[in-house]
Amino acid sequence: MGTDEVAITASAPAKCILFGEHAVVYGEPAVAVALEQRLSVRLTPAKMWSVDGSSLNPRRHPHIHHLVHEIWDADSEPAPLSIHVSGDIPRASGLGSSAALSVAMGAALHASKHLTNPSDSIEEFCRMAHHAEAKAQSGRASPMDTSTSALGGIVVLSDRKEQGCDWKFTSELETPEGKRTWEIHTLKPTENEIYLVLGNTGVHAPTSHQVALVAAALEANPTRINEIHAIGSIARRGLLALQDENYEAVGHAMSENHLILRNLGVSSNELEQLISAALPTSLGAKLTGAGGGGCMVALTRNPKATSEAIELAGGRTLISRLGNQGLSIDSNNGTPFWG
Ligand code: PMV
C-alpha cells in the first residue's frame, strides 16, 4: 500500500484571548476565540520516528513524546511514524501554537490507533492536549489554549458555570499547588463583518514570568485583588456584549480590560505603541495573552487600515474573523495503521 493511502492529517487553530487573561489564574472568567491561522500534522508510517526529518526527541518535542506515551501504554508499542508539522501560527507569541500542536497531534495519533470520529471524543482530546501542555510546562497550564483550539468558536473558561453560555465540560489538573478545576463553555461565533487584527511585537516574554509579576504585585498589596475582580466584571460584560453582537461595547470592554492589565504591570512599550497605533481605526484594543511582549489584538470593521497602522508602528500582523473551526481530521482513509 502506498504511503499516501494511509496518511492521516489533522489540523487545529490558533487562539487569542479577548478578555480575562491573568485574572483567570485567580478564578475569574476569560473569553478566547479560535483564529483562522491553523497548524496541521500529517502522519505516515515509517521505519523510525521522526518530526520534520529529525528523529523524535523528548527534549525537542515534549508534547508529541507525551502524547505518544499517553496513547500507547508500555506493552503496546506503536509502529513508528513520520510526522510532518506545517501551518501559519507564529511560535512563542501567545497565540497557542503548542496547544494547536497538542490538539492536532493527539487527535491524529488517536485516529490512527482507534479510528474514532473526533466529535465523539472532543472532551478526551482536550484533556490529552491539556495534560501534554502541563507536562511540558512543569505541571502548570490552564486549559484555555487547548480547549479553544479543540472546540473552536468562542470559548469561555471560569471557576463556575457561567449563565448564557453553552456549558461543555469540567476540566481538572493536578498542579504542584494542588488540584485545579475549570468549567469550559462555548458561545456561538458571529456571522458579522467584524475582524480581529493581531499585532506581534516580536518580543518573547515567558508566560511564567508574567504570571509571577502579577502574583508579586498582589503579594505586595493584597487589595489589588480588586483589580483582578474588575477584570472579571469586564469579562462578563464583554461576554454579554458578544452575545448581543454589540461590537462597540465589546471593543470598549477590551480597551478597559487593557487599562487594568497595564496598571498591573504586564504591558510593555512595544505593546503600548501597537495598541495606540490601532485605536484610531478600531473599536477597541488590548494586549492578548501573558503580555510583556507577544501580541496585541484590535477589534475592527476596517482590518486593512488597522493592520497598516500596526505595521507602520513596527508590528507584524495577522487578520482573522472571530471564532473559527476547531479540531478537524482532514483526511483518513478509514484504515487504522495498527490492528
Ligand atoms: O501565554 P498565553 O497567551 O497562552 O496566555 C496566558 C494567559 C494567562 O492568563 C496569563 C496565564 C494562564 O495560565 O491562564
Side-chain angles (χ1 to χ4, degrees), residues 12-35 37 39 63 89-103 126 129-150 155-159 171-173 175-177 180-184 196 198-218 225 227-232 234-235 238 254 257-258 260-268 271 286-297 318 320:
K15 73 90 186 51
C16 138
I17 301 178
L18 278 192
F19 301 110
E21 50 272 271
H22 287 290
V24 70
V25 173
Y26 300 89
E28 300 292 341
V31 182
V33 300
L35 300 175
Q37 289 68 30
L39 178 145
H63 302 82
I89 309 179
R91 294 174 72 157
S93 53
L95 298 181
S97 64
S98 69
L101 172 67
S102 299
V103 167
C126 288
H130 180 206
H131 287 196
E133 285 264 281
K135 183 95 179 174
Q137 294 173 32
S138 317
R140 296 180 190 88
S142 87
M144 176 68 113
D145 289 19
T146 45
S147 52
T148 307
S149 192
V155 169
V156 181
L157 207 88
S158 180
D159 67 345
S171 178
E172 292 178 339
L173 183 72
T175 74
E177 289 76 35
R180 294 197 54 197
T181 301
W182 297 268
E183 304 299 340
I184 314 282
L196 296 172
L198 283 302
N200 194 343
T201 61
V203 177
H204 178 55
T207 299
S208 55
H209 174 260
Q210 296 298 108
V211 171
L213 271 183
V214 174
L218 291 176
I225 194 71
E227 292 167 55
I228 299 293
H229 296 325
I231 293 179
I234 294 168
M254 286 168 66
N257 190 156
H258 180 71
I260 304 183
L261 289 168
R262 182 167 78 188
N263 210 42
L264 274 172
V266 293
S267 190
S268 71
L271 282 166
K286 64 185 275 292
L287 68 81
T288 183
C295 289
M296 50 72 66
V297 59
L318 294 173
S320 174

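The first residue in the sequence is number 1, and the count goes up from there. Since the model is a prediction, treat every value here as computed from it, not as a measurement. Note that ligands are numbered from 1 as they come in the structure, with each ligand's atoms numbered from 1 the same way.
- One N or O on the side chain of Lys286 and one on the backbone of Ile17 form a donor-acceptor pair closer than 3.5 Å.
- Annotation: atom 6 (C) of ligand 1 to nearest protein heavy atom, Thr207 CG2, 3.8 Å.
- Under a 4.0 Å criterion applied to the non-hydrogen atoms of Val24, ligand 1 contributes the atoms 9 (O), 14 (O).
- For the pair Thr201 (side chain) and Gly294 (backbone), a donor-acceptor distance under 3.5 Å is present.
- Checked by atom type and distance alone, the side chain of Gln210 pairs as donor or acceptor with a backbone atom of Ala290 at under 3.5 Å.
- A search for ring pair (Phe, Tyr, Trp, His ring centres under 6.0 Å) contacts involving His130 returns Trp182, not counting sequence neighbours.
- Residue-to-ligand polar distances place Gly94 within reach of ligand 1: an N/O pair is separated by less than 3.5 Å.
- Which parts of ligand 1 touch Lys15 is read off a 4.0 Å heavy-atom cut-off, strictly below it: atoms 2 (P), 3 (O), 4 (O).
- Relative to atom 7 (C) of ligand 1, the option among Asp145, Ile17, Leu287 with the closest non-hydrogen atom is Ile17.
- Shown in contact with Glu21 at under 4.0 Å from a heavy atom are these atoms of ligand 1, numbered in order with element: 9 (O).
- Among protein heavy atoms, the minimum distance from atom 12 (C) of ligand 1 is reached at Val25 CG2, 3.8 Å.
- Between Leu196 and Leu18, the closest side-chain pair of non-hydrogen atoms falls below 4.5 Å.
- Heavy-atom distances between His22 and ligand 1 reach below 4.0 Å in at least one pair.
- When atom types are taken as modelled, the side chain of Asn257 and the backbone of Ala235 share no donor-acceptor pair closer than 3.5 angstrom.
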